[in-house]
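Just so it is clear, the structure is predicted and the values come from calculations on it, not from any experiment.
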Amino acid sequence: MYKIVDRIANIVMTLVLIIAIALIGILLVPKAFHYNVYAVLSGSMEPYYHVGSIVYIKKTPPEDISINNPIAYHFENDKIVTHRVVAIDKEKELITTKGDANDTNDVKPVAYSQVIGVGKATIPYIGYISMNIKTKKGIFICAAILISLVVLELLVEILKPTEKKGSIRIHSEE
């Protein structure tokens with residue numbers, strides 16, 4: 001029984017460690033290369049960016065942005081929006097955007113000062129993790145995983161066979 005529980009514990013611990021390292025790599029390493037990582041919250045860019053995906057945005061000066069680029073920009077109330085560029089007015093330093101799933105252009109053009117950068121890559125589903133990790137439910141799930149790992153490790157220790165001490169013979173030469 002001990003060997004089975006020990007093997008399961010090792011596999012689970014290894015999988016959790018691999019997943020944790022992968023998530024750290026996916027969510028944090030791009031920042032070292034001047035990318036911002038955002039979770040997609042709405043379907044306005046479907047099917048290009050799916051809800052629950054993460055999008056990597058490369059910091060880009062507005063002058064280097066072209067029509068058809070998906071850009072991220074600061075919107076009202078500190079929200080970040082990612083929509084596609086449909087027109088650029090270089091004189092007024094304004095960019096007209098539109099969500100791929102929307103029928104019309106966005107009402108307000110984006111000022112150059114609002115631009116964060118251009119979308120370069122996306123990974124589906126990972127955004128759900130970053131969207132939920134700080135919620136009560138996400139914190140509860142993380143705590144439950146950690147507690148389960150501790151209990152599993154304790155179970156391995158409890159089931160570990162104890163070493164049996166053999167009888168020791170003492171020889172005396174008299």
Query raised in the report: When clusters are formed by joining ILVMFWY residues with side-chain heavy atoms under 4.5 Å apart, either directly or through shared neighbours, do Ile147 and Leu154 land in the same one?
Result: no
**Report entry** side chain to side chain contact (heavy atoms under 4.5 Å, CB included) evaluation trace for Glu76 with Lys108
**Finding:** CA-CA 11 Å; Glu76 300 163 353; Lys108 280 180 98 176; 3.4 Å; yes
Query raised in the report: Would you say Leu152 and Val12 make side-chain contact, with heavy atoms under 4.5 Å?
Result: yes
Query - Close side-chain approach of Phe75 and Val110, heavy atoms under 4.5 Å - result: no
Requested in this report: Please report the shortest heavy-atom distance between Lys98 and Asn105, naming the atom on each side.
Outcome: CD-OD1, 3.5 Å
Requested in this report: Spell out, as yes or no, whether a donor-acceptor pair under 3.5 Å connects the side chain of Gln114 to the backbone of His74.
Outcome: yes
Query raised in the report: Taking side chain as C-beta onward, heavy atoms only, is Tyr49 less than 4.5 Å from Ile54?
Result: no
Query raised in the report: For Arg84 and Pro70, which heavy atoms make the closest approach, and how far apart are they?
Result: NH1-CD, 3.7 Å
Query raised in the report: For the atom pair CD1 (Ile26) and CD1 (Ile123), what is the distance rounded to the nearest 0.5 Å?
Result: 4.5 Å
Query raised in the report: Would Val115 end up clustered with Val118 when hydrophobic side chains under 4.5 Å apart are linked, directly or stepwise?
Result: yes
Query raised in the report: Which atom names give the shortest non-hydrogen contact between Ala111 and Leu94, and what distance separates them?
Result: CA-CD2, 3.8 Å
Query raised in the report: Looking at CD1 of Ile88 and OG1 of Thr96, how far apart are the two atoms once the value is rounded to the nearest 0.5 Å?
Result: 9.0 Å
Query - Distance in Å, Tyr73 OH paired with Ile65 CD1, rounded so as to fall on 0.5 Å steps - result: 11.5 Å
Query raised in the report: Does the side chain of Tyr56 reach to within under 4.5 Å of the side chain of Asn36, using non-hydrogen atoms?
Result: no
Requested in this report: Taking all non-hydrogen atoms of both residues into account, name the closest pair between Gly99 and Met45 and its distance.
Outcome: CA-SD, 3.8 Å
Requested in this report: Give the minimum heavy-atom separation between Ser66 and Val85, together with the two atoms involved.
Outcome: O-CB, 3.6 Å
Query - Distance-only polar pair, side chains of Thr97 and Asp106, donor-acceptor under 3.5 Å - result: yes
Query - Candidate pair Val86 and Asn68, rule side chain to side chain contact (heavy atoms under 4.5 Å, CB included), full reasoning - result: CA-CA 6 Å; Val86 293; Asn68 283 330; 5.9 Å; no
Query raised in the report: Is there a side-chain contact between Tyr125 and Ser53 (heavy atoms, below 4.5 Å)?
Result: no
Requested in this report: Would you indicate whether the side-chain heavy atoms of Met13 and Leu149 approach each other to under 4.5 Å?
Outcome: yes
Requested in this report: Group every Ile, Leu, Val, Met, Phe, Trp and Tyr by side-chain heavy-atom contacts under 4.5 Å, then state whether Ile133 and Tyr128 land in the same group.
Outcome: no
Query raised in the report: If we only count heavy atoms from C-beta on, is the Ser44 to His83 side-chain gap below 4.5 Å?
Result: yes
Query raised in the report: To the nearest 0.5 Å, how far apart are CD1 in Ile24 and CD1 in Ile19?
Result: 12.0 Å
Query raised in the report: With hydrophobic residues grouped by side-chain heavy-atom distances under 4.5 Å, do Ile18 and Leu146 end up in a single group?
Result: no
Query - Same apolar cluster: Ile8 and Ile145, side chain cutoff 4.5 Å - result: yes
Query raised in the report: Do Glu63 and Lys90 sit within salt-bridge range, that is, some charged N less than 4.0 Å from a carboxylate O?
Result: no
Report task. Using a 4.5 Å cut-off on heavy atoms from C-beta on, say whether the side chain of Val40 contacts that of Val55. Result -> yes
Query raised in the report: Atom NE2 in His34, atom NZ in Lys59: separation rounded to 0.5 Å?
Result: 7.0 Å
Query raised in the report: Can Leu41 and Met131 be said to form a side chain to side chain contact (heavy atoms under 4.5 Å, CB included), step by step?
Result: CA-CA 8 Å; Leu41 304 176; Met131 288 187 298; 2.8 Å; yes
Query raised in the report: Which heavy atom in Val51 sits nearest to a heavy atom in Gly43, and how many Å separate them?
Result: CG2-N, 3.5 Å
Requested in this report: Kindly say whether Glu91 contributes a backbone atom to a donor-acceptor pair with the side chain of Asp89 at under 3.5 angstrom?
Outcome: yes
Report task. Quick one: pull up CD1 in Ile80 and CD1 in Ile116 and give me the separation to the nearest 0.5 Å. Result -> 3.5 Å
